Amino acid sequence: MFTYQFYLKDSRKEETLIILYLREGGKIIKLSTEVKVNPKNWDNNVKRIKKTAPYARVDNERLLKWETAATEAIKVTACENGTLQDIKKRVLIAMGKDGSDSKELFLPYFLKWCTTTTTRRQATRYMLHTYNVFREFAEKDSPTFGDITNAYIEKFIEWMAKRNLGPNTRGNHIKRIKTAMREALDEGIHRNTEFTKFRKEKEQVENIYLTEEEISRIENLPLCGAWERARDLFIIGCHTAMRFSDCVRLRPEDIHDGIITQKQMKTDEVVSIPCHPKVAEIIEKYHGAPDIPAQSLNSCIKEICREAGICERIGIRRHGAAETTYYEKWELVSSHTARRSAATNMYKAGIPTIAIMKITGHKSERVFMDYIKVSGEENARMLKKNPFFN
């Protein structure tokens, strides 16, 4: 008769593997579930990790998969009068541990993926940041491609949440891991397709934008020094919808016949943007974009907005919090607010969505519309001018 059971590999250690025992009479085959637990958190009566333990839900789900695989393997093998070795083989196949996955470690490949520009992708600092975050979580496990399972990623998501990384940040990290896994699959490095099940979290963020009237107030402030340079660089973003990384690289030679043409640093895409008179004035003033670090810009622009009287009270509910936190609008302004303000004001001015996307570089209209910050009331006022409502 075939049976199975979970046991701890070494209950004397602070952390030990959970082993699946397959039995037939006096014969035993041991399979590592690759799930680890502190023996104090192990409930030996139900053969599960106690619910109060860290990552208990995710790890118990992994144990359930092993249990399901063993149950099904025993049932099929018993019908075929097979052996204990047949059960082992079926369990490993069900768990994707049959040797079809490369034993190559994932982290070295992921580092190369995050730092190498190819015809398929542009290496960015955001990709390297994802690598550093995932390495901090996974380095002690030294995961192979076969180890990067849905359960493993769920554990990573819980780990990030405990470090106060928001849903959108967590989702972007997962998206990059999925993309790397897909490219490695295409290259024949592994055969683990479970990455297709990874969930990408997303939270609708109430980012703000500045109206044209508020931007005019900022433009008309009498400033000097670092504050003046920060303001002028911010204004370039407000009239071009360019990212900070592209604004700082803007040079007179990028402008021909009133058109700015530049390759975006993040996407490697070439975009062409009409040059607003205010932008042309700033470029002429500095013989290029003002030189100021992003950190200094973010610090200065908040104070500049407060000086301009941009003090509207705005409620924000972050990361699923039960209560709304209220801020004055200037506190929420950052370098990226300029790009969002430009896109939103273009949209409000009636410029077609597809034309704005050519400027911002967005590929998906759904993503672009998430980017546009128009309230229900503002949308109604825009529609009111349409002949349909008159």
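Small disclaimer: the values here were computed from a predicted structure and weren't measured.
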Check your understanding: Does the side chain to side chain contact (heavy atoms under 4.5 Å, CB included) test come out yes or no for V133 and T169, once each step is laid out?
Key -> CA-CA 11 Å; V133 171; T169 299; over 6 Å; no
Are the side chains of [X] and [Y] in touch, meaning some heavy atoms are under 4.5 Å apart?
X: C238; Y: T337; answer: no
X: E67; Y: F6; answer: yes
X: F195; Y: I153; answer: no
X: E328; Y: R313; answer: no
X: T179; Y: W113; answer: yes
X: E139; Y: F134; answer: no
X: L20; Y: K30; answer: no

With a cut-off of 6.0 Å (strictly less than), are more than 12 heavy atoms of other residues, nucleotides or ligands near [atom1] of [X]?
X: Q5; atom1: CD; value: yes
X: K51; atom1: NZ; value: no
X: K285; atom1: NZ; value: yes
X: E303; atom1: CD; value: yes
X: K47; atom1: NZ; value: yes

Under 3.5 Å, is there a donor on one side chain and an acceptor on the other for [X] and [Y]?
X: D147; Y: T144; result: yes
X: D232; Y: Y286; result: yes
X: R90; Y: T77; result: yes

Point to revise | CE-CD1 distance between M357 and I359, expressed to the nearest 0.5 angstrom | key: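 So the CE of M357 and the CD1 of I359 are separated by 12.0 Å.
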Review point. Going from OG on S296 to CD1 on I301, what distance comes out if it is rounded to the nearest 0.5 angstrom?
Key: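 Interatomic distance, S296 OG to I301 CD1, rounded to 0.5 Å: 12.0 Å.
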Does the [X] side chain pair with the main chain of [Y], one donor and one acceptor, at a distance under 3.5 Å?
X: R231; Y: I218; value: yes
X: N298; Y: S335; value: yes
X: S245; Y: M265; value: no
X: N41; Y: K50; value: no
X: E194; Y: N150; value: yes
X: D246; Y: M242; value: no
X: N345; Y: S341; value: yes
X: N192; Y: T149; value: no
X: K302; Y: V333; value: yes
X: D141; Y: P143; value: no

Check your understanding: Remaining members of Y21's ILVMFWY cluster at a side-chain heavy-atom cut-off under 4.5 Å?
Key ->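 Members besides Y21, by chain and number: Y7, L17, I19, I28.
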Exercise for review: Under the side chain to side chain contact (heavy atoms under 4.5 Å, CB included) rule, collect the residues that match up with A280, sequence neighbours excluded.
Suggested key: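 C275.
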Point to revise | Partner set under side chain to side chain contact (heavy atoms under 4.5 Å, CB included) for D291, not counting sequence neighbours | key: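 D291: no side chain to side chain contact (heavy atoms under 4.5 Å, CB included) contacts found.
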Exercise for review: Please list all pairs passing the ring-ring contact (aromatic ring centres under 6.0 Å, His included) test where one or both residues lie in residues 219-262, with sequence neighbours left out.
Suggested key: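 Found H239-H276.
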Exercise for review: Take E104 and K112 through the test salt bridge (charged side-chain N to carboxylate O under 4.0 Å, His left out) and record every step on the way to the result.
Suggested key: CA-CA 13 Å; E104 183 175 340; K112 183 179 179 181; over 6 Å; no
Nearest heavy-atom pair of [X] and [Y]: which atoms, and what distance?
X: W66; Y: T33; result: NE1-O, 3.4 Å
X: R229; Y: P290; result: O-CB, 3.6 Å
X: A230; Y: I292; result: CB-CD1, 3.6 Å
X: A241; Y: R339; result: O-NH1, 2.6 Å
X: A151; Y: V58; result: O-CG1, 3.0 Å

Exercise for review: Please say whether the positively charged group of K162, taken as NZ for Lys or CZ for Arg, lies over the ring of Y55, i.e. under 6.0 angstrom from the six-membered ring centre and within 45 degrees of the axis.
Suggested key: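 Checked: cation-pi criterion met.
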Practice item. Check whether NZ of the Lys or CZ of the Arg K27 lies under 6.0 Å from the centre of the six-membered ring of F2 and within 45 degrees of that ring's axis. Key: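 Ring-cation test returns no.
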Point to revise | Shared hydrophobic cluster, M369 / M346 (ILVMFWY, side-chain heavy atoms < 4.5 Å) | key: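 Same hydrophobic cluster.
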Review point. Given the rule that I, L, V, M, F, W and Y join up when any side-chain heavy atoms are under 4.5 Å apart, are I351 and I260 in one cluster?
Key: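 Yes, it is one cluster - the side chains of I351 and I260 are joined through contacts under 4.5 Å.
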Exercise for review: Dump the intermediate steps for salt bridge (charged side-chain N to carboxylate O under 4.0 Å, His left out) on D254 and R251, then the final yes or no.
Suggested key: CA-CA 5 Å; D254 297 327; R251 296 293 178 264; over 6 Å; no
Check your understanding: Among all residues two or more places apart in sequence or in another chain, which pass the side chain to side chain donor-acceptor pair (under 3.5 Å) test with R57?
Key ->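 Scan of R57 (side chain to side chain donor-acceptor pair (under 3.5 Å), adjacent residues dropped) gives E61, E158.
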Practice item. Apply salt bridge (charged side-chain N to carboxylate O under 4.0 Å, His left out) to the pair E214 and K329, showing each step before the final yes or no. Key: CA-CA 11 Å; E214 289 170 330; K329 191 172 182 177; 2.9 Å; yes
Exercise for review: Kindly indicate, with the supporting measurements, whether the criterion salt bridge (charged side-chain N to carboxylate O under 4.0 Å, His left out) is fulfilled by E212 and K348.
Suggested key: CA-CA 10 Å; E212 290 185 310; K348 288 175 64 179; over 6 Å; no
Point to revise | Y152/F137 aromatic ring centres below 6.0 Å | key: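 Yes; F137 has its ring centre under 6.0 Å from that of Y152.
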Practice item. Indicate yes or no: does E14 engage K40 in a salt bridge with an N to O separation below 4.0 Å. Key: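 K40 and E14: not salt-bridged.
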Exercise for review: Check the pair E136, R163 against side chain to side chain contact (heavy atoms under 4.5 Å, CB included), reporting the backbone distance first and the verdict last.
Suggested key: CA-CA 12 Å; E136 184 182 350; R163 281 156 179 76; 4.2 Å; yes
Exercise for review: Among residues two or more places apart or on two chains, list those pairs meeting side chain to side chain donor-acceptor pair (under 3.5 Å) that have a residue in residues 353-363.
Suggested key: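 Of all non-adjacent pairs touching residues 353-363, those that pass side chain to side chain donor-acceptor pair (under 3.5 Å) are T360-H362.
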**Study point:** Geometric class of the Y109/F106 ring pair [parallel <30°, tilted 30-60°, perpendicular >60°]
**Key:**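 The rings of F106 and Y109 sit tilted, inter-plane angle from 30° to 60°.
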